[in-house]
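Note that ligands are numbered from 1 as they come in the structure, with each ligand's atoms numbered from 1 the same way.
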Amino acid sequence: MRDCVFCKIVAGEIPSSMVAETDRIYAFRDIEPHAPTHVLLVPKEHVLDSVAELGADDADWLAELMVLAARVARDEGLEDGWRIVTNVGPAAGQTVFHVHFHLMGGWADR
Ligand code: AMP
Ligand code: ZN
């Protein structure tokens with residue numbers, strides 16, 4: 001097991017607030033939300049540190065992640081608008097080096 005917070009969350013060693021999952025993807029609430037709805041989507045396997053390492057072999061899980069993100073956005077009632085962000089490297093604010101995507105929305109509720 002890597003010393004990685006998201007690997008530990010996927011393994012159930014660190015508690016998380018699950019939103020949805022598929023065979024390969026886990027979605028859970030960000031512990032420090034930057035939007036009224038802020039969900040993280042990660043591949044269950046620590047396949048990459050960031051999208052900078054993406055290759056052709058990653059197409060399947062990446063598509064599965066994006067389809068799940070759209071489903072979560074619908075289920076969370078974000079029809080008014082949402083965004084997906086992924087940070088690459090410390091200069092962009094990346095703090096966890098297990099590739100992940102931030103799904104944010106819900107501003108219209110405010
Ligand atoms: P990034 O800065 O793009 O690497 O995003 C990492 C995100 O993980 C941040 O928004 C953190 O708030 C979030 N985070 C870190 N630890 C946890 C945790 N134990 N549970 C949920 N979210 C976390
Ligand atoms: Zn990991």
Please report the shortest heavy-atom distance between G106 and L78, naming the atom on each side.
N-CD2, 3.5 Å
Counting from 1, what ligand 1 atoms have a heavy atom of E32 closer than 4.0 Å?
12 (O)
Element-labelled atoms of ligand 1 that are located less than 4.0 Å from some non-hydrogen atom of I9:
18 (C), 19 (N), 20 (N)
When you compare the side chain of D3 with that of K8, does any pair of heavy atoms fall below 4.5 Å?
yes
Check this for me - ligand 1, H38, N or O atoms closer than 3.5 angstrom, yes or no?
no
Between E53 and V99, is there a side-chain heavy-atom distance shorter than 4.5 Å?
no
Pick out which of V72, V39, T37, L103 makes a side-chain contact (heavy atoms from CB on, under 4.5 Å) with W82.
L103
Which is closest to atom 8 (O) of ligand 1 by heavy-atom distance: F28, F101, F6?
F6
Among D30, V88, I31, which one puts a heavy atom closest to atom 17 (C) of ligand 1?
I31
Per residue H98, nearest N, O or S atom to the Zn ion (ligand 2) is named ND1
Looking at every heavy atom in both E45 and H98, which two are closest together, and how far apart are they?
O-NE2, 3.8 Å
Is Q94 close to ligand 1, meaning an N/O of one under 3.5 Å from an N/O of the other?
no
Heavy atoms only: give me the nearest L40-H102 pair and the separation to one decimal.
CD2-ND1, 3.3 Å
For F97 and D49, work out which heavy atoms get closest and say how close.
O-OD1, 3.2 Å
Would G93 count as being in polar contact with ligand 1, using the rule that some N or O on each side must be under 3.5 angstrom apart?
yes
Hey, is ligand 1 close enough to H100 that some N/O pair sits below 3.5 Å?
yes
Over 60° means perpendicular and under 30° means parallel, so tell me whether H100 and F6 are parallel, tilted or perpendicular.
perpendicular
Under 4.0 Å from any heavy atom of R29, which atoms of ligand 1 are there?
21 (C)
Show which atoms of ligand 1 fall inside a sub-4.0 Å distance from at least one heavy-atom site of V96.
4 (O), 6 (C)
Atom indices of ligand 1 within 4.0 angstrom of H102 heavy atoms, with elements:
1 (P), 3 (O), 5 (O), 7 (C), 10 (O)
Report the name of the N/O/S atom of H46 located nearest to the Zn ion (ligand 2).
ND1
Can you give the angle C7 SG - the Zn ion (ligand 2) - C4 SG, rounded to 10°?
120°
Is the closest side-chain heavy-atom distance between H38 and M104 below 4.5 Å?
yes
Minimum-distance pair of heavy atoms, taken over all atoms of E32 and H34:
O-CD2, 3.2 Å
Options V85, V39, V99, T95, ranked by nearest heavy atom to atom 4 (O) of ligand 1, top entry:
T95
Per-atom contacts of ligand 1 with L40, taking only distances under 4.0 Å to non-hydrogen atoms:
8 (O), 13 (C), 22 (N)
